[in-house]
**Student:** 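First, the structure itself, so that you have it in front of you.
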Amino acid sequence: MALGPCKWISTITFAFLLVMFTVTLWSLESNQVQYPFAGDLTKMILGKLEGWSLSKHGVITEEGKRGAKSVGPNMTSCHPSYGRKDLLVDCCPPGFQLPLPFVDFQFPDPQSTLRIHRPAHAVDVDYIAKYDKALSIMKSLPHHDPRSFYRQANLHCLFCTGAYDQQNSNAPLSIHRTWLFFPWHRMMIYFHERILGSLIGDETFALPYWAWDIPQGMVIPDMYTNNSSSFYHTMRDVSHLPPQTADLNYVSDTKLIPEDQIDINLAFMYNQMVSGARKTELFRGCTYKAGKEGYCNGPGTIELAPHNALHTWIGSSLNPGREDMGKFYSAAKDRIFYAHHANIDRLWEVWREAHKQQLDIKDPDWLDSFFYFYDENLRLVRVKVGDVVDTIKLGYSYEQVHRPWLNMRPKPSYPPKLARQTLKTKEKNKLEMLSRTHVLSSELDTHGRALDASLTVKVRNHWRKKEKEEEKVIVVHGIEVKGDAYVKFDVYVNLIDQFKISPKFREFAGTFAHIPGGGAGKKKIDLKLGVSELLEDLEADQDESIWVTLLPTTPSCSNVTVGGVRMEYIK
């Protein structure tokens, strides 16, 4: 059938525009400079052509409808966001309304000297003086300079409070509580560090890491408490300054002596890094894809705590959200933020090495997710997650330290056989399991159950012959948090004595430590806790059911509802 005049004109016009756009794009890319709008339009055109090529008899096939689900920001979509539920903040950079030229990330020269991150408690006075000088210069740069400390600190506000929408979507962009948590913070630290080094002409400069996972580093390093240096910050909880030992599972202040706190910290690290983190999702967070339908809300072990717990522990108790470190919008204003996240980054490497990189994510939607950062040469750089998986390629490494938590596998608080017999007797006699405890089925009512007191749930263990490499996982699903206060509850298995509650005991399965916000939208949270090793140690791995106790540890848990608890397997 011949095309009518209108269709011929439309076809020729489209072909002309496509040719002109291709020439323009080639011109831009030949200079290694690109524009976000050019990339968007190219993807749109190619996507249409791909869809047409996969069409059959005028019908788009399922393959044609599917596209890449990698996540990236729409840089011209910046808007005010909520730092707290009662505080609207505007962290948008000047001139964000117009598309800016960018270059794609390139690895540093592999022949350059490897930058070595050292523990903050072990750096010498010369290093501190060098870092102090670089930071002073950064703080003196004007606001319009993206290398200035103000703009650097605002990056966390921009990407971690929902100030950007996703590219090609009006869905908000989220970093926290997803599998983007580790790579995005690595990108931020990488560019921040290179800017600092360039300001003092030192290509070998590397940020220190706060080694709070080892006994020698479990206090705030001295360099951050000197009120005459650039590292000093007033918005901190003064009761947690040295010699106070950090609480990696922070709820409220305790009267523990340092030795006891250190023992608890080490046992807690074992759970978060070893027994509770034997699968990728458990450690890194949930699978997050583009668009509203691709959003997830499920944090990994390290993000929950020590990450969230220490953010809250450091922040000032005099501020409503324990700012600065206690809220995402303000956290990076405190210089210790960068040492804290350098250690988070180091622990990602420790975990990867422990599993010999066999648990690295291969999903192209993760590897192709991307963000934009300014480098030391004032160039806007588009960097993909796949670019930052290997720290050696990025030109840096971490000074090794002894990790005593590797040998801190907890013991049961009671002999397992005695504990199981006690639980069965109490169930048979229909007595309350624990004081102030509700005994519930594994699925709660449709509106959820408020966590205003301990909840003990009998959960089917779904015992079967476990396939090789499978992990049993407790899923506390449908968690909804109202209010704006730090929320924390712990999870125990077959607990018979609430006076013996601690990560030092094997019954401890994990924790839910939550900082509200993060641009996460309204989707309820799922908490997943790996428990295969725990069940073996409690001799409950072949039981038909187990008792799971959710133990609220903050008053704000009265604003939390839980949908239910179930057991799953993760391969």
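Sequential numbering from 1 along the given sequence is applied to the chain's residues. No hydrogens, no waters, no symmetry mates; every other heavy atom, side chains included, goes into these values.
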**Student:** Keeping Lys504 on the side-chain end and Ile264 on the backbone end, is there a donor-acceptor pair under 3.5 Å?
**Tutor:**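 Looks like no, no N/O pair under 3.5 Å.
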**Student:** Rounded to the nearest 0.5 Å, what's the gap from OG1 on Thr511 to OH on Tyr250? Could you check?
**Tutor:**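 So the gap between those two atoms works out to 13.5 Å.
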**Student:** Between Tyr295 and Tyr288, does the ring centroid distance fall short of 6.0 Å?
**Tutor:** yes
**Student:** For residues 253-277, which residue pairs pass the salt bridge (Lys or Arg N to Asp or Glu O under 4.0 Å) check, not counting sequence neighbours?
**Tutor:** none
**Student:** Could you pull out the closest heavy-atom pair between Arg115 and Ala206, with the gap in Å?
**Tutor:**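 That closest heavy-atom pairing would be CB-CB, 4.0 Å.
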**Student:** If you measure from OG1 on Thr391 to CG on Leu114, what distance do you get to the nearest 0.5 Å?
**Tutor:** 7.5 Å
**Student:** Any chance NZ of Lys356 has more than 12 other-residue heavy atoms, nucleotides or ligands included, within less than 6.0 Å?
**Tutor:** no
**Student:** Can you find a side-chain donor-acceptor pair between Asn343 and Arg346 that sits under 3.5 Å?
**Tutor:**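 Yes - a donor-acceptor pair under 3.5 Å links their side chains.
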**Student:** Can a donor-acceptor pair be found, under 3.5 Å and without considering hydrogens, that links the side chain of Thr76 to the backbone of Pro99?
**Tutor:**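 Looks like no, no N/O pair under 3.5 Å.
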**Student:** Looking only at non-hydrogen atoms, find the nearest pair between Lys139 and Ser230 and report the distance.
**Tutor:** NZ-O, 3.9 Å
**Student:** For Asp247, give me all partners under salt bridge (charged side-chain N to carboxylate O under 4.0 Å, His left out), at least two apart in sequence or on another chain.
**Tutor:**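 With sequence neighbours excluded, Asp247 shows a salt bridge (charged side-chain N to carboxylate O under 4.0 Å, His left out) to no residue whatsoever.
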**Student:** Output yes when a side-chain donor or acceptor of His156 lies under 3.5 Å from a complementary backbone atom of Phe328, and no otherwise.
**Tutor:** yes
**Student:** Return the OG to NE2 distance between Ser148 and His143, rounded to the nearest 0.5 Å.
**Tutor:**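 Rounded to the nearest 0.5 Å, the OG-NE2 separation comes to 6.5 Å.
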**Student:** Which heavy atom of Trp351 sits nearest to which heavy atom of Arg284, and what is that distance?
**Tutor:**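 Shortest heavy-atom separation between Trp351 and Arg284 comes out as CZ3-NE, 3.7 Å.
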**Student:** Indicate whether any N or O donor in one side chain lies under 3.5 Å from an N or O acceptor in the other, for Asn308 and Lys488.
**Tutor:** no
**Student:** Assert yes or no for the condition that the ring centre distance of Phe107 to Phe105 is strictly below 6.0 Å.
**Tutor:**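 Yes: the rings meet the under 6.0 Å criterion.
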**Student:** Can you run down the ring pair (Phe, Tyr, Trp, His ring centres under 6.0 Å) pairs that involve residues 380-402, sequence neighbours left out, and say none if there aren't any?
**Tutor:**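 Listed once each, the pairs are His117-Tyr396, His117-Tyr398, Tyr209-Tyr398, Tyr396-Tyr398.
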**Student:** On a heavy-atom basis, which atom in Trp212 and which in Leu347 lie closest, and how many Å separate them?
**Tutor:**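 Taking Trp212 first and Leu347 second, the nearest heavy atoms are CH2-CD1, 3.5 Å.
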**Student:** Strictly distance-based, threshold 3.5 Å: is any side-chain N or O of Glu193 a donor or acceptor partner for the main-chain N or O of Leu207?
**Tutor:** yes
**Student:** Given Phe231, which of Thr225, Asp222, Ile128 fulfils the side chain to side chain contact (heavy atoms under 4.5 Å, CB included) condition?
**Tutor:**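 Only one of Thr225, Asp222, Ile128 forms a side chain to side chain contact (heavy atoms under 4.5 Å, CB included) with Phe231, namely Ile128.
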**Student:** Look at atom OH of Tyr82 and say whether more than 12 heavy atoms of other residues, nucleotides or ligands are closer to it than 6.0 Å.
**Tutor:** no
**Student:** Quick one: does any side-chain atom of Glu323 pair with a main-chain N or O of Ala331 as donor and acceptor, under 3.5 Å?
**Tutor:**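 Answer holds: no.
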**Student:** Can we call the ring centroids of Tyr164 and Phe159 under 6.0 Å apart?
**Tutor:** yes
**Student:** Among His233, Arg236, His340, whose side chain to side chain contact (heavy atoms under 4.5 Å, CB included) with Met325 holds?
**Tutor:**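 Output: one option passes, namely His340.
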**Student:** Go through the structure and list residues passing side chain to side chain contact (heavy atoms under 4.5 Å, CB included) with Cys92, not counting sequence neighbours.
**Tutor:** Cys78, Asp90, Phe96
**Student:** Applying ring pair (Phe, Tyr, Trp, His ring centres under 6.0 Å), can you list everything that pairs with His192, at least two apart in sequence or on another chain?
**Tutor:**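 Expected list: Tyr338.
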**Student:** Quick check for you: to the nearest 0.5 Å, what is the distance between Asn319 atom CG and Met235 atom CE?
**Tutor:** 5.0 Å
**Student:** Could you list all the salt bridge (Lys or Arg N to Asp or Glu O under 4.0 Å) pairs where at least one residue sits in residues 118-135, not counting sequence neighbours?
**Tutor:** Arg118-Glu399, Lys130-Asp202
**Student:** Could you check whether atom NZ of Lys384 has more than 12 heavy atoms from other residues, nucleotides or ligands sitting under 6.0 Å from it?
**Tutor:**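 No - once you tally the heavy atoms of other residues, nucleotides and ligands closer than 6.0 Å, there are 12 at most.
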**Student:** In terms of side-chain geometry, is the basic nitrogen of Glu471 or Lys528 positioned less than 4.0 Å from the acidic oxygen of its partner?
**Tutor:** no
**Student:** Run the salt bridge (charged side-chain N to carboxylate O under 4.0 Å, His left out) test against Asp375 and tell me which residues pass, sequence neighbours left out.
**Tutor:**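 Checked Asp375 against salt bridge (charged side-chain N to carboxylate O under 4.0 Å, His left out); matches are Arg379.
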**Student:** Has the side chain of Ser369 got a donor or acceptor atom that lies under 3.5 Å from a matching backbone atom of Asp365?
**Tutor:**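 Pair found, side chain donor or acceptor close to backbone of Asp365.
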**Student:** Please enumerate all residues that pass side chain to side chain donor-acceptor pair (under 3.5 Å) together with Tyr131, with sequence neighbours excluded.
**Tutor:**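 Result, side chain to side chain donor-acceptor pair (under 3.5 Å) vs Tyr131: none returned.
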**Student:** Parallel, tilted or perpendicular, judged at 30° and 60°: which one describes the rings of Tyr372 and Phe370?
**Tutor:**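 Taking Phe370 first and then Tyr372, their aromatic rings stand perpendicular (interplane angle over 60°).
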**Student:** Check ring pair (Phe, Tyr, Trp, His ring centres under 6.0 Å) between Trp348 and all other residues, then give those that pass, not counting sequence neighbours.
**Tutor:**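 Ring pair (Phe, Tyr, Trp, His ring centres under 6.0 Å) check on Trp348 returns Phe182.
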**Student:** Which heavy atom of Met188 sits nearest a heavy atom of Ala332, and at what distance?
**Tutor:**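 Looking at all heavy atoms of both residues, the shortest contact is CE-CB, 4.0 Å.
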**Student:** Look only at the side chain of Trp210 and the backbone of Gly217, and say whether a donor-acceptor pair between them is shorter than 3.5 Å.
**Tutor:** yes
**Student:** Nearest 0.5 Å please: distance from the CZ atom of Arg382 over to the CE atom of Met75.
**Tutor:**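 Between Arg382 CZ and Met75 CE, I get 12.0 Å after rounding to 0.5 Å.
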**Student:** Does Arg322 have any salt bridge (charged side-chain N to carboxylate O under 4.0 Å, His left out) partners at least two apart in sequence or in another chain, and if so, which?
**Tutor:**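 Scan of Arg322 (salt bridge (charged side-chain N to carboxylate O under 4.0 Å, His left out), adjacent residues dropped) gives Asp237.
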**Student:** Under the ring pair (Phe, Tyr, Trp, His ring centres under 6.0 Å) rule, collect the residues that match up with Phe181, sequence neighbours excluded.
**Tutor:**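 Phe181 satisfies ring pair (Phe, Tyr, Trp, His ring centres under 6.0 Å) with His176, His185, His307 once adjacent residues are dropped.
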**Student:** Sub-3.5 Å donor-acceptor pair from the side chain of Arg278 to the main-chain atoms of Gly276, do we have one?
**Tutor:**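 Such a contact is absent between Arg278 side chain and Gly276 backbone.
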**Student:** For the residue pair Val389 and Asp360, what are the closest heavy atoms and their distance?
**Tutor:**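 Here Val389 and Asp360 meet closest at CG1-OD2, 4.1 Å.
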**Student:** Where the side chain of Gln272 meets the backbone of Pro306, is there a donor-acceptor pair that is under 3.5 Å apart?
**Tutor:** no
**Student:** With Leu158, which of Ser81, Pro93, Pro73 fulfils side chain to side chain contact (heavy atoms under 4.5 Å, CB included)?
**Tutor:** Pro93
**Student:** Can you confirm whether Lys85 is buried at NZ, in the sense that more than 12 heavy atoms of other residues, nucleotides or ligands lie under 6.0 Å from that atom?
**Tutor:**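 Count over threshold, so yes.
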**Student:** Quick one: sort the Phe191 and Phe373 rings into parallel, tilted or perpendicular, breaks at 30° and 60°.
**Tutor:**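 Phe191 and Phe373: parallel rings.
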**Student:** List the steps and the verdict of side chain to side chain contact (heavy atoms under 4.5 Å, CB included) for Leu248 and Leu310.
**Tutor:** CA-CA 6 Å; Leu248 306 189; Leu310 282 179; 3.7 Å; yes
**Student:** Any donor-acceptor pair under 3.5 Å linking the side chain of Arg151 with the backbone of His144?
**Tutor:** yes
**Student:** Measuring from atom CH2 of Trp184 to atom OG1 of Thr178, what distance do you get when rounded to the nearest 0.5 angstrom?
**Tutor:** 11.5 Å
**Student:** Which of parallel (below 30°), tilted (30 to 60°) and perpendicular (above 60°) describes Trp313 and His240?
**Tutor:**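 Answer is parallel, since the angle falls under 30°.
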**Student:** Show the numbers, then the answer: is there a side chain to side chain contact (heavy atoms under 4.5 Å, CB included) between Asn249 and Asp490?
**Tutor:** CA-CA 10 Å; Asn249 193 30; Asp490 292 336; 4.0 Å; yes
**Student:** Who pairs with Arg506 by salt bridge (charged side-chain N to carboxylate O under 4.0 Å, His left out), at least two apart in sequence or on another chain?
**Tutor:** Glu533, Asp537
